[in-house]
Protein chains: 2
Amino acid sequence: MHEINAEELLLKKGVKPTPQRVVITQYLLSTHSHPTADEILDEVKNALPVSLSRATVYNTLKTLVEAGVIQEVVTEPGRSRYDANVSDHHHFVDTETGAVFDIPAEVITPVRATLDERFKVDGYKVVFFGRRQD
Amino acid sequence: MHEINAEELLLKKGVKPTPQRVVITQYLLSTHSHPTADEILDEVKNALPVSLSRATVYNTLKTLVEAGVIQEVVTEPGRSRYDANVSDHHHFVDTETGAVFDIPAEVITPVRATLDERFKVDGYKVVFFGRRQD
DNA sequence: TCTGCAATTAGACTAAGTCTAAACTTGTAA
DNA sequence: TTACAAGTTTAGACTTAGTCTAATTGCAGA
Ligand SMILES: [Mn+2]
Ligand SMILES: [Mn+2]
Ligand SMILES: [Zn+2]
Ligand SMILES: [Zn+2]
């Protein structure tokens, strides 16, 4: 089992690994829950030694997205979620709980679209919705 | 060419056709631009005889979504867009301008997913992203 | 050690959306 | 025709997610 090191990851992506950036990255690497900025602030502030302001959480998330360390995921109106899984994947949203699950690109059929030639498609995202049992 | 009547549509869907609801519905039927609540308020307030408050715009949009007259579309963080096209369709987002275009379900290949049996899928939405030329 | 820039901070601010309590509208019954 | 009830609209207060600002802190290089 290979353990991912947040600090090494930041260095590899060209982001200076400050303590705040490291703990936010560690937290995102440790969970599959697609947390919101507010959930990240609560978790990291309460569990870790470094002080952390709201502005730093938002600054850091923007920096990490721009560097390709994490991605922003929008599954519901009103707030963004963040995801350290930057592999090619899609999402399943439980419509009762709002929980978000990863769906690897390999387990779905590729989407082919016959569009007007003026549409230059760079990519696509699929969001499945339904219930996840248990 | 068949012209859709907002008032008849509301009656058919069981929504009392008040003047405010009618003009909002008319505006949404008249555009393909997937406007935000604020854009709807600006358009309808300036161009139409009836007075209109922000609360009514939000109340009406919620009522129309619940009745199946329109749908809410989330393509970007921070705000919802509204769509009188309730046929089965997906969206293309121009990543430069933010413009949203309809993609009928028939022009894409159906998405088949091989998922853990605990996922009970009710449906899915595809968002394409790229540039739309001209 | 000094210096300068990047990063962090608290809190003011903005924007999208919700809530509340009062006023208005409409239908129905006395 | 008036009275009432239920549903709708309203202005504006409020909440929440996110941004901005100006001051402070941390740190790498000279
Ligand atoms: Mn994951
Ligand atoms: Mn359309
Ligand atoms: Zn994910
Ligand atoms: Zn649409």
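Chain A is the first sequence line, chain B the second, and so forth, proteins listed ahead of strands; every chain is numbered from 1. For the numbers below, each heavy atom of this structure counts, side chains included, while hydrogens, waters and symmetry mates do not.
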Identify each donor-acceptor pair in which a side-chain atom of residues 67-78 of chain B lies under 3.5 Å from a protein atom, sequence neighbours left out, and give them as a table.
unit_1, atom_1, unit_2, atom_2, d
B:Q71, NE2, B:N85, O, 3.1
B:E72, OE2, B:S80, OG, 2.5
B:E76, OE2, B:R81, NE, 2.8
B:E76, OE2, B:R81, NH2, 3.1

Separation of atom [atom1] in [X] from atom [atom2] in [N], rounded to whole Å:
X	N	atom1	atom2	answer
A:L52	C:dT8	CG	C1'	9 Å
A:L41	C:dA10	CG	C1'	13 Å
B:R81	C:dG17	CZ	C1'	16 Å
A:L61	C:dT8	CG	C1'	14 Å

Check your understanding: Looking at side-chain heavy atoms only, is the closest gap between A:V22 and A:V50 below 4.5 Å?
Key ->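 The answer is no, as the side chains (C-beta and beyond) never meet within the 4.5 Å cut-off.
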Check your understanding: Hey, does the side chain of A:T56 come within less than 4.0 Å of C:dT9's phosphate (OP1/OP2), counting only N and O?
Key ->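 Yes, because at least one side-chain N or O of A:T56 sits under 4.0 Å from OP1 or OP2 of C:dT9.
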Review point. Hey, does the side chain of A:S51 come within less than 4.0 Å of C:dT9's phosphate (OP1/OP2), counting only N and O?
Key: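 A:S51 to C:dT9 OP1/OP2: side-chain N or O found under 4.0 Å.
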Check your understanding: Under 4.5 Å between side-chain heavy atoms, hopping through other hydrophobics if needed: is there a path connecting B:V93 to B:V111?
Key ->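 Result: no, two separate clusters.
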Using distance only, find each side-chain donor-acceptor pair of residues 6-17 of chain A under 3.5 Å and give its atom names and separation, not counting sequence neighbours.
none

Between protein and nucleic acid, restricted to nucleotides 16-20 of chain D and to nitrogen or oxygen atoms under 3.5 Å apart, what atom pairs and distances do you find?
unit_1, atom_1, unit_2, atom_2, d
D:dA17, O3', A:G78, O, 3.3
D:dG18, OP1, A:S80, N, 3.0
D:dG18, OP2, A:Y58, OH, 2.9
D:dG18, N7, A:R54, NH1, 2.7
D:dG18, O6, A:R54, NH2, 2.8

Review point. Where along residues 7-22 of chain B does a heavy atom fall under 4.0 Å from DNA chain D?
Key: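 Within this stretch, B:K16, B:T18, B:Q20, B:R21 sit under 4.0 Å of the strand.
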Can you list, pair by pair, the side-chain donor-acceptor contacts under 3.5 Å of residues 127-134 of chain B, counting residues two or more places apart and other chains?
unit_1, atom_1, unit_2, atom_2, d
B:R131, NE, B:D94, OD1, 2.9
B:R131, NE, B:D94, OD2, 3.2

Check your understanding: Is there a side-chain contact (heavy atoms from CB on, under 4.5 Å) between A:T18 and A:T60 once you walk through the steps?
Key -> CA-CA 10 Å; A:T18 68; A:T60 297; 5.9 Å; no
Point to revise | Which atom of A:Y124 lies closest to which atom of A:P110, heavy atoms considered | key: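 That would be OH-CA, 3.6 Å.
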**Study point:** salt bridge (charged side-chain N to carboxylate O under 4.0 Å, His left out) against B:D116, all qualifying residues, sequence neighbours excluded
**Key:**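 Listed in chain order: B:R118.
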